[in-house]
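Notes follow once the structure below has been shown.
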Amino acid sequence: MRIFWTQGYESTTTAALEEATSLSRSSLLNTFGSKEELLLAALDRYLALFDEVLMQPLREGSRGLEDIDRFLSTLRALKSSGSGAAGCLVVNLSPGSLASSGVRARMDRYLDALSDGFGAALRRASARGEVPAAGMVARRRLLVSAAVAINWTARVEGPLAAQRLADAVRAQVRDWA
């Protein structure tokens, strides 16, 4: 997962996968079938971690805008070091990787999870009187786009730029109250 995350699909060689997994080429092929199938397994693992660390607290929180702020704060922290500083595995996949219906389905699952999570938090915020019900769809779309942009910025401009963008989005969300 980390090799695909940091190097991208096209740049990840079989030799790099062998080294990262400590498996031989034949063991990799016997276990996963192909580089693309290994990518799909890595994406499934990544999405499970994404759900556990970011989406579950956003989806199941009880504090409305505070839940969104906590999501953005956690995302900001994840962009500061390790693989997270390279952005997001899903966002990092280049258009060449999109030819696979399996990859596309996982990308859609990622975007749907963001949309559903932000939608749930915004509904709670509205019920708590933190934001008006009008404009919820636009706010949800803005937050999904901002999350993707924070990850893309980490990959392209680096962790500090991503953290600054996360801080700017957090300030805007606080202004909604």
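These numbers were taken from a predicted model, which means no experiment stands behind them.
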Exceeds 12 heavy-atom contacts within 6.0 angstrom, atom CZ of Arg141
no
Once you round to the nearest 0.5 Å, how far does CG of Leu93 lie from CD of Glu10?
8.0 Å
Once rounded to the nearest 0.5 Å, what's the spacing between atom CG of Asn92 and atom OG of Ser11?
11.0 Å
Heavy atoms only: give me the nearest Gly64-Arg128 pair and the separation to one decimal.
N-CD, 4.1 Å
Report the distance from atom CG of Leu43 to atom OG of Ser100, rounding to the nearest 0.5 Å.
9.0 Å
Judged by atom type as modelled, is there a donor-acceptor pair below 3.5 Å linking the side chain of Arg123 to the main-chain atoms of Gly119?
yes
Locate the shortest heavy-atom distance separating Arg139 from Ala134; write the atom from each residue and the value.
NH1-O, 3.2 Å
With hydrophobic residues grouped by side-chain heavy-atom distances under 4.5 Å, do Leu39 and Leu29 end up in a single group?
no
For the pair Phe50 and Met55, evaluate side chain to side chain contact (heavy atoms under 4.5 Å, CB included) and give the outcome as yes or no after the intermediate values.
CA-CA 6 Å; Phe50 167 73; Met55 298 315 303; 3.3 Å; yes
Strictly by modelled atom types, are Ser62 and Arg124 linked by a side-chain donor-acceptor pair under 3.5 Å?
no
Where do Pro132 and Ser126 come nearest, in terms of heavy atoms and distance?
C-OG, 4.2 Å
Please confirm whether the ring centroid of Phe118 lies under 6.0 Å from the ring centroid of Phe71.
yes
Are Arg59 and Asp51 side-chain neighbours, meaning at least one heavy-atom pair lies under 4.5 Å?
yes
Contact check, side chains of Leu75 and Asn151, non-hydrogen atoms, under 4.5 Å:
yes
Do Leu23 and Leu17 make a side-chain contact, defined as non-hydrogen atoms from C-beta onward lying under 4.5 Å apart?
no
Arg2 atom CZ, over 12 foreign heavy atoms within 6.0 Å
no
Which atoms form the tightest heavy-atom contact between Ala146 and Val169, and what is the distance?
CB-CG2, 3.8 Å
Just wondering, do Cys88 and Trp152 contact through their side chains at under 4.5 Å, heavy atoms?
no
Glu19, CD: over 12 other non-hydrogen atoms inside 6.0 angstrom
no
Whether the side chain of Trp5 engages the backbone of Ala42 through a donor-acceptor N/O pair (distance < 3.5 Å, no angle test) should be reported.
no
Write down the atom of Leu28, the atom of Thr14, and the distance for their closest heavy-atom approach.
CD1-O, 4.3 Å
Side chains of Leu114 and Val148: does their closest heavy-atom pair fall under 4.5 Å?
yes
Taking the side chain as C-beta and beyond, is there a heavy-atom pair between Phe4 and Leu38 under 4.5 Å?
yes
List the atom pairs, donor and acceptor, that lie under 3.5 Å between side-chain atoms in residues 157-167 and the rest of the protein, sequence neighbours left out.
residue : atom : partner : partner atom : Å
Asp167  : OD1  : Arg76   : NE           : 2.7
Asp167  : OD2  : Arg76   : NE           : 3.3
Asp167  : OD2  : Arg76   : NH2          : 3.3

Going through the checks in order, is the side chain to side chain contact (heavy atoms under 4.5 Å, CB included) test met by Val90 and Leu111?
CA-CA 9 Å; Val90 177; Leu111 293 171; over 6 Å; no
Carboxylate-amine/guanidinium proximity below 4.0 Å for Asp44 and Arg106:
yes
Ile68 to Ala121 - nearest heavy-atom pair and separation
CG1-CB, 3.6 Å
Keeping Lys35 on the side-chain end and Tyr9 on the backbone end, is there a donor-acceptor pair under 3.5 Å?
yes
Can you tell me if Arg155 uses its side chain to pair, donor with acceptor, with the backbone of Thr6 under 3.5 Å?
yes
Would you call Asp69 and Arg63 a salt bridge, taking side-chain N to carboxylate O under 4.0 Å as the test?
no
When clusters are formed by joining ILVMFWY residues with side-chain heavy atoms under 4.5 Å apart, either directly or through shared neighbours, do Ile3 and Leu47 land in the same one?
yes
Please confirm whether the backbone N or O of Leu65 pairs with a side-chain atom of Glu130, one donor and one acceptor, at under 3.5 Å?
yes
According to a hydrophobic-cluster definition based on side-chain heavy atoms being under 4.5 Å apart (Ile, Leu, Val, Met, Phe, Trp, Tyr only), do Leu58 and Val137 belong together?
no
Taking C-beta and beyond as the side chain, do Leu72 and Ile150 meet within less than 4.5 Å on heavy atoms?
yes
Is there a side-chain contact between Leu78 and Val53 (heavy atoms, below 4.5 Å)?
yes
Got a sec, which residues hit side chain to side chain donor-acceptor pair (under 3.5 Å) with Thr21, two or more places apart in sequence or on another chain?
none
